[in-house]
Amino acid sequence: MPDPINITQIPAPRVELIDPRTGLMSREWFRFFNNIYTIVGADLGIIQIPNGGTGLSTYPTNGQLLIGDTAGEKYVLNTLTAGSGVGVTNGAGTIGIANTGVLSNVAGAGISVSSATGDVTIASTGVLSINAGTGISVTATTGAVTVANTGVLSFSGGTTGLTPNTATTGAVTLAGTLDVDNGGTGQTSYTNGQLLIGNTTGNTLTKATLTAGTGISITNGTGSISVATSGTVTTNAPVTKTADFSVASTDTWLINNKTGSTCTVTLPSPSANTGRVLYFINYQNQLLVSASSNVVSRSGGAAGTAILDNVAGNWATIVSDGTSWVTTQAAANNNLLLE
């Protein structure tokens, strides 16, 4: 870099541009022009900083400034950087700087401010101190204050069976099962048809369903119980059958009067008719058999189909034990049946 002080003065008018002795540019004029060439940046064509230039060859964009860089002894083109609460807007030959943070202070509830901008003093005009009440303690009346509960710290449901489910202070949700002694049921789940029935053992309530007795059927539904007769409660008139048949719900006395072939009867389900009694008698010399192997003879053993022998006047009484129809009475074998 040339010394900025070593500037060759403009040669005096008496110094000729061309030296007559050599036919070349005179030394004075050569130094003058060479010095101008050096000042404007020599081969770069850029006036350097020591010569009053910028040392830059690029055009600035909107808002760019020349910013000194000691590390490179140069200028750098750059824009202002916005900090917290400050906005910078670069325009053509202009730079706008604005406050994007707090613009003014406004007093809220329990707070006062000395002014909206500038030097502002903020003070509390609300709660100035905290005093401990019943069941509460405070570590101080102002400043950093710790408030603690010195009263009820927890609770439980006692003998009710209820206990806090989430917390023992504040908003509390109770869980558990309310027992009988406190007006509850002591139960948390049920199946269809279950009822709560008093139980002196433990003085409690027991879950149970109704038990069907003789001639009664119980049907447990969703929130319902149906009670119906499953046998013949009253004795009905005898019914005469002349073809294969099914026993109706109201049948008790049944007469087989089918001619020409064995009569087949479809008996009710034994499991749904526990204790029901049916009476059969033959008017024809024809067998009476069950459509299913669900009849136990007087001698016991496995259930079969036989009910009456092929003899007119033969009779039998069968009773459901919940599994089969059991023959409890019948005409004796080889017995002479007289009309």
Side-chain angles (χ1 to χ4, degrees), residues 191-195 197 206-339:
T191 59
N192 288 344
Q194 280 188 321
L195 300 173
I197 303 175
T206 300
K207 296 181 295 184
T209 55
L210 296 178
T211 300
T214 301
I216 299 295
S217 66
I218 303 294
T219 302
N220 296 309
T222 304
S224 66
I225 302 174
S226 298
V227 181
T229 59
S230 62
T232 303
V233 177
T234 59
T235 301
N236 298 310
V239 178
T240 300
K241 304 294 183 177
T242 58
D244 295 344
F245 65 97
S246 296
V247 176
S249 61
T250 57
D251 291 342
T252 302
W253 301 90
L254 298 118
I255 301 170
N256 172 26
N257 197 27
K258 180 183 178 182
T259 62
S261 64
T262 297
C263 182
T264 301
V265 56
T266 300
L267 299 173
S269 169
S271 62
N273 290 270
T274 302
R276 184 176 178 181
V277 181
L278 296 175
Y279 303 92
F280 294 95
I281 189 169
N282 261 347
Y283 275 10
Q284 299 290 330
N285 295 324
Q286 301 296 337
L287 292 172
L288 178 66
V289 297
S290 171
S292 302
S293 294
N294 55 3
V295 179
V296 177
S297 68
R298 282 186 302 166
S299 60
T305 62
I307 300 176
L308 297 180
D309 292 333
N310 56 343
V311 177
N314 196 266
W315 59 272
T317 302
I318 62 175
V319 181
S320 170
D321 66 356
T323 301
S324 303
W325 289 95
V326 179
T327 304
T328 58
Q329 301 178 86
N333 292 334
N334 300 317
N335 186 41
L336 178 61
L337 298 174
L338 301 174
E339 294 186 0

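Pro268 approaches Trp325 most closely through the heavy-atom pair O-NE1, 2.9 Å. The shortest non-hydrogen separation linking Arg276 to Thr250 is NH2-N, 4.2 Å. Considering every non-hydrogen atom in both Ile197 and Ala208, the closest pair reads CD1-CB, 3.9 Å. When every heavy atom of Pro238 is checked against every heavy atom of Ile255, the shortest pair comes out as CB-CD1, 4.0 Å.
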Legend entry - Audit row: Val265, Ile307, side-chain contact (heavy atoms from CB on, under 4.5 Å) steps and yes/no: CA-CA 9 Å; Val265 56; Ile307 300 176; 3.6 Å; yes
Inset, instruction - Please test Leu267 against Ile318 for side-chain contact (heavy atoms from CB on, under 4.5 Å), starting from the C-alpha separation and ending with a verdict. - result: CA-CA 11 Å; Leu267 299 173; Ile318 62 175; 4.1 Å; yes
Legend entry - Steps toward side-chain contact (heavy atoms from CB on, under 4.5 Å) verdict (Ile225, Leu210): CA-CA 9 Å; Ile225 302 174; Leu210 296 178; 4.0 Å; yes
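Between the side chains of Asn285 and Asn310, no donor N or O sits under 3.5 Å from an acceptor N or O.
In this structure, CG in Asn220 is found 7.0 Å from CG in Asn192, a value given to the nearest 0.5 Å. Rounding to the nearest 0.5 Å gives a distance of 7.0 Å between OG1 of Thr252 and CG of Leu278. With values rounded to the nearest 0.5 angstrom, Leu195 atom CG is found 12.0 Å from Thr206 atom OG1. From Asn256, atom CG reaches atom SG of Cys263 across 4.0 Å, with rounding to the nearest 0.5 Å. To the nearest 0.5 Å, atoms CG (Asn236) and CG (Asp251) are separated by 7.5 Å.
In terms of modelled atom types and a separation under 3.5 Å, the side chain of Thr266 and the main chain of Ser246 share no donor-acceptor contact. In this structure, the side chain of Ser324 does not engage the main chain of Ala303 through any donor-acceptor pair within 3.5 Å. No donor-acceptor pair closer than 3.5 Å links the side chain of Thr327 to the backbone N or O of Gln329. Asn282 places a side-chain N or O within 3.5 Å of a backbone atom of Asp309 that can act as its donor or acceptor partner.
Annotation: ring-ring contact (aromatic ring centres under 6.0 Å, His included) contacts of Tyr283 (sequence neighbours excluded): none. A search for salt bridge (charged side-chain N to carboxylate O under 4.0 Å, His left out) contacts involving Asp321 returns nothing, not counting sequence neighbours. Looking at residues two or more places apart in sequence or on another chain, you find a side chain to side chain contact (heavy atoms under 4.5 Å, CB included) between Thr259 and Gln284. Every residue two or more places apart in sequence or in another chain that forms a salt bridge (charged side-chain N to carboxylate O under 4.0 Å, His left out) with Lys258 is listed here: Asp244.
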Please table the atom pairs, donor to acceptor, closer than 3.5 Å between any side-chain atom in residues 287-296 and protein atoms at least two apart or in another chain.
residue	atom	partner	partner atom	Å
Ser290	OG	Ser292	N	3.1
Ser290	OG	Ser292	O	2.8
Ser290	OG	Asn294	OD1	2.8

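The closest side-chain heavy-atom distance from Val239 to Phe245 is not below 4.5 Å.
Applying the ring-ring contact (aromatic ring centres under 6.0 Å, His included) test to residues at least two apart or on different chains, none of the pairs has a partner in residues 290-312.
Ring geometry for Tyr279 against Trp253 counts as parallel: the plane angle stays under 30°, on a 0 to 90° scale with 60° as the upper cut.
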